[in-house]
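Heads up: the structure comes next, in structure tokens.
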Amino acid sequence: MKRKLTVFITVLLMGLLCAVTAFAAPYQNYNYYKGLVSTEPQAYVPYKVIDAVSMGVQTNMDDGFKNPEDMDTSAVNGDMAIADTGNSRVVIIDKSYKLKQYISNKTVQTVQKPVLDEEGNPVLDENGQPTYTETTVETTGFEFNGKNYTLSSPSGVTFAKDGSLYICDTGNARIIRFEADENGQYVCVRIFEKPAGLDELLASDDNSGSISADTTAAPEEDDGSDDSEGGGTGENKDNDSQYKPLKVAIADGGNMYVVSKGNHKGLIELSSDGSFTKFTGATKVKQTLSNLLRRILSDAQKEGLTLNLSTEYSNVTLDGDGMIFGTINALEAQDLWDHFNSGSELGAPIKRIAPTGSDILKRNDDYPPSGDASYSALERKQFSSMVDIAVASDGIYSALDNNKGRIFTYNNEGELLFIFGAKGSSEGAFTTPVAINLLPFAAVEDGIVTADDPEAETYKQMIMAVLDSTTAQITLFKPTEYGKLIRSATMCQQNRQYDEAVEKWNKVLDQASNSRLAYKGIGRIQYVRGQYEEACKSFERAYDQSEYGTAYAKLRNERMETAMPWVMTALVVLVVFFLGKALFNKIRRFIKTGGKSNG
């Protein structure tokens, strides 16, 4: 309890300190281990804020964003899709952060057209420049199979690897796929309606995830006829649906992993044709008497029993290996407390899910990769609340904490690398952060590096953007020299480039002399190289008792192996000496007595 209280008070004091130094950044990077909290140099700093005005979304004809809930960036061309949930539309901006397209319920755009004379030539102003007039263009929805459709409260957007865009049309209980045409405009190519029978399964108490094949066929693709289900505009066609897709991740083969509002059975896996496959990654629940009785009682007898449900996911994405990363934020304080103190999977807010549905996330640090802990099992607001996650190709992942406005970045071992972000109104702080994203083209577009710079490729995994739903702003963050060193050292070590890794870790120590992360990284390399004595010293400085013990065991064995020949030689010499002495004494007595015995 004292250790947790120490962590809490230290972090609180650091937060107050950050408020004083907000001119630099409204937060302070820190790390902690067994109650020891240490401030470290800033790893990431804000460098740009974009909003509806700078994008060209907010004009005299458009009020801008209203409670946007998600964003994603295409790795193909750098386009960014923003789910403008409150306006029932999706806004597309290009890699220069300028408006490119609306996919919407109703769009009013102001378009500038050149003024032409009777002969069709541009009318010039007094400076000889063409003159323009503003024309209002009004559009409604999007077209598919010759029919007009609209969105209703879209809550999730994601780009597949091929650049196609998927939208969770939450209010209409469907997922829609768009592809860019020859002009770069996104056109609808497929509407994935709710799979037949899925509502019944979501409403049932059965957590097995099984469903008969004849009730999960892919929904028939809309042919554009007026009598098709959800015909016309498709607005609010299924208000009673149990299936309300909020977020979606797309696998290489086109399979979809869906977060559905109120779903306690795990992620919904849909095949590439939209048919239901299974539930996967359901969170563990406490085994209660009610749960056990529900397995043996009839439906009528089950009534009145409390149902202990799994916790629903808040977001989902895929890593470079095709594994599912999911975040969970609707967790009880007691479950989080147990997770931090005993390693219980029950309260884990971040999961990495294997094809079998099991959680394979590595948690090899003193604290699990779950953000901030609390000094009390009763104070939920002191724990982090993870709402989104961004995973780089090197396995480093950053989780967004909606409760404290912080971004926690971990390596693939689950070890904390650095922390940035805060709640507030300053640049680099948030009111209601809802989405985090990697921007692969931002470093070059924003002039941080040039296209031919050797670091340009590395920077594709480094620039991060965070969407604030309340302010409707997107804040861009770039790594400091310290942050770049940590990421580069981590990547070099993962790639077994040990000389480069040691060099970079030492540069980290030049900026943060007590960096546990650097000492641990160096120690591991020394251990692999068989430098066990040096490894022990590094692990001692990193306060890592476990790895120190492993290295010391090797050092002890090595010393024993070195000393054993000398020990054995000494034993042989002693044995020979005492045997020789005994023999010498016996011979001397024999000579002295003339060969006669004393008896």
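Computed from a predicted model, the values in this text were never measured in an experiment.
When all heavy atoms of Val57 and Tyr102 are compared, the closest pair comes out as O-OH, 3.5 Å. The nearest pair of heavy atoms linking Ser370 to His339 is OG-NE2, 2.7 Å. Between Gly163 and Ser74, the shortest heavy-atom distance links the atoms CA-OG, 4.1 Å. Heavy-atom minimum distance, Ala81 versus Val157: O-CG2, 3.5 Å.
Taking OG1 of Thr317 as the start and CD1 of Ile436 as the end, the distance is 11.0 Å to the nearest 0.5 Å. Taken from OG in Ser88 to CD1 in Ile103, the straight-line distance is 13.5 Å, to the nearest 0.5 Å. Rounding to the nearest 0.5 Å places CG of Asn315 at 4.5 Å from OG1 of Thr327. The OH atom of Tyr47 sits 11.0 Å away from atom CD of Glu427, with the distance rounded to the nearest 0.5 Å. Annotation: the span from Arg190 atom CZ to Glu179 atom CD amounts to 11.5 Å, rounded to 0.5 Å.
Between the side chains of Asn77 and Asp79, a donor-acceptor pair is found at a separation under 3.5 Å. Thr73 and Asn437 share a side-chain donor-acceptor pair at under 3.5 Å. Judged purely by distance below 3.5 Å, without hydrogens or angles, the side chains of Thr170 and Ser153 never pair a donor atom with an acceptor atom. Judged by distance alone, the side chains of Thr432 and Ser469 never bring a donor and an acceptor atom under 3.5 Å apart. With no hydrogens or angles considered, a side-chain donor-acceptor pair links Tyr482 and Glu40 at under 3.5 Å. Ser398 and Thr409 form a side-chain donor-acceptor contact under 3.5 Å, judged by distance and modelled atom types alone. Under 3.5 Å, the side chains of Ser538 and Gln526 contain a donor-acceptor pair of N or O atoms.
Using a 4.5 Å heavy-atom cutoff, the side chains of Asn403 and Ser384 are not in contact. Residues Arg177 and Ile175 are not in side-chain contact: their nearest non-hydrogen atoms beyond the backbone lie 4.5 Å or more apart.
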* Verdict with reasoning, Lys507 to Glu481, per salt bridge (Lys or Arg N to Asp or Glu O under 4.0 Å) -> CA-CA 10 Å; Lys507 288 182 178 179; Glu481 187 61 31; over 6 Å; no
* To do: Kindly indicate, with the supporting measurements, whether the criterion side-chain contact (heavy atoms from CB on, under 4.5 Å) is fulfilled by Thr431 and Lys423.
  => CA-CA 6 Å; Thr431 304; Lys423 280 289 188 76; 5.8 Å; no
* Stepwise side-chain contact (heavy atoms from CB on, under 4.5 Å) test for Tyr243 and Ile268 -> CA-CA 10 Å; Tyr243 174 60; Ile268 300 171; 4.0 Å; yes
* Could you please spell out the steps behind the side chain to side chain donor-acceptor pair (under 3.5 Å) verdict for Ser38 and Asn514? => CA-CA 8 Å; Ser38 60; Asn514 294 319; over 6 Å; no
* Evaluation steps, side-chain contact (heavy atoms from CB on, under 4.5 Å), between Val76 and Asp162 -> CA-CA 7 Å; Val76 175; Asp162 63 3; 5.9 Å; no
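Ion pair Lys261/Glu312 not flagged as a salt bridge, since none of the NZ, NE, NH1 or NH2 atoms sits closer than 4.0 Å to an Asp/Glu carboxylate oxygen. The pair Asp359-Arg352 does not meet the salt-bridge criterion, since no charged nitrogen lies less than 4.0 angstrom from a carboxylate oxygen. Of the charged side-chain nitrogens involved, none lies within less than 4.0 Å of a carboxylate oxygen, so that Glu500 and Lys504 do not count as a salt-bridged pair. Taking 4.0 Å as the cut-off between side-chain N and carboxylate O, Asp84 and Arg89 count as a salt-bridged pair. Between Asp499 and Arg529, at least one side-chain N (NZ, or NE/NH1/NH2) sits under 4.0 Å from a carboxylate O, which counts as a salt bridge.
For Ser515 (side chain) and Ala512 (main-chain N/O), no donor-acceptor pair under 3.5 Å exists by modelled atom type. A donor-acceptor distance shorter than 3.5 angstrom exists from the side chain of Asp273 to the backbone of Ser275, with no hydrogens or angles considered. The backbone N or O of Gly78 sits nowhere less than 3.5 Å from a side-chain atom of Asp94 that would complete a donor-acceptor pair. The backbone N or O of Phe159 sits less than 3.5 Å from a side-chain atom of Asp72, completing a donor-acceptor pair. With hydrogens and angles ignored, the 3.5 Å screen pairs a side-chain donor or acceptor of Ser314 with a backbone N or O of Met386. Under a 3.5 Å cut-off, the side chain of Gln42 and the backbone N or O of Tyr27 do form a donor-acceptor pair. The backbone N or O of Ala354 lies less than 3.5 Å from no partner atom in the side chain of Ser358, so there is not a single donor-acceptor pair. Although no hydrogens or angles enter the test, the distance criterion places a donor-acceptor pair under 3.5 Å between the side chain of Asn411 and the main chain of Glu415. Between the side chain of Asn506 and the backbone N or O of Val502, at least one donor-acceptor pair lies under 3.5 Å. Side-chain atoms of Gln28 never come within 3.5 Å of backbone atoms of Thr39 as a donor-acceptor pair (strictly under, hydrogens ignored).
In this structure Arg516 satisfies the salt bridge (charged side-chain N to carboxylate O under 4.0 Å, His left out) test together with Asp365, sequence neighbours excluded. For Asp510, the salt bridge (charged side-chain N to carboxylate O under 4.0 Å, His left out) criterion is met by no residue, not counting sequence neighbours. Under the salt bridge (charged side-chain N to carboxylate O under 4.0 Å, His left out) criterion, Asp452 pairs with no residue at all, not counting sequence neighbours. Asn364 pairs by the side chain to side chain donor-acceptor pair (under 3.5 Å) definition with Glu413, not counting sequence neighbours. Residues passing the side chain to side chain donor-acceptor pair (under 3.5 Å) test with Thr490: none are found, sequence neighbours excluded. Remark: Asp544 engages Lys520 in a salt bridge (charged side-chain N to carboxylate O under 4.0 Å, His left out) (not counting sequence neighbours). Every residue was checked against the side chain to side chain donor-acceptor pair (under 3.5 Å) condition with Thr85, not counting sequence neighbours, and none meets it. For the side chain to side chain donor-acceptor pair (under 3.5 Å) test, no residue two or more places apart in sequence or in another chain qualifies with Lys98.
The list of ring pair (Phe, Tyr, Trp, His ring centres under 6.0 Å) pairs with a residue in residues 485-527, not counting sequence neighbours, reads Tyr527-Tyr532. Within the structure, salt bridge (charged side-chain N to carboxylate O under 4.0 Å, His left out) contacts touching residues 383-403 (residues at least two apart or in different chains) are Asp394-Arg487. Listed by first then second residue, pairs satisfying salt bridge (charged side-chain N to carboxylate O under 4.0 Å, His left out) with a partner in residues 428-451 read Lys48-Asp446, Lys95-Glu445, not counting sequence neighbours. For residues 385-411, the ring pair (Phe, Tyr, Trp, His ring centres under 6.0 Å) pairs, not counting sequence neighbours, are Phe325-Tyr397, Tyr397-Tyr410.
Aromatic rings from Tyr44 and Phe418 are positioned such that their centres are separated by under 6.0 Å. Aromatic rings from Phe142 and Tyr186 are positioned such that their centres are separated by 6.0 Å or more.
Counting non-hydrogen atoms of neighbouring residues, nucleotides and ligands closer than 6.0 angstrom, the CD atom of Gln185 exceeds 12 such neighbours.
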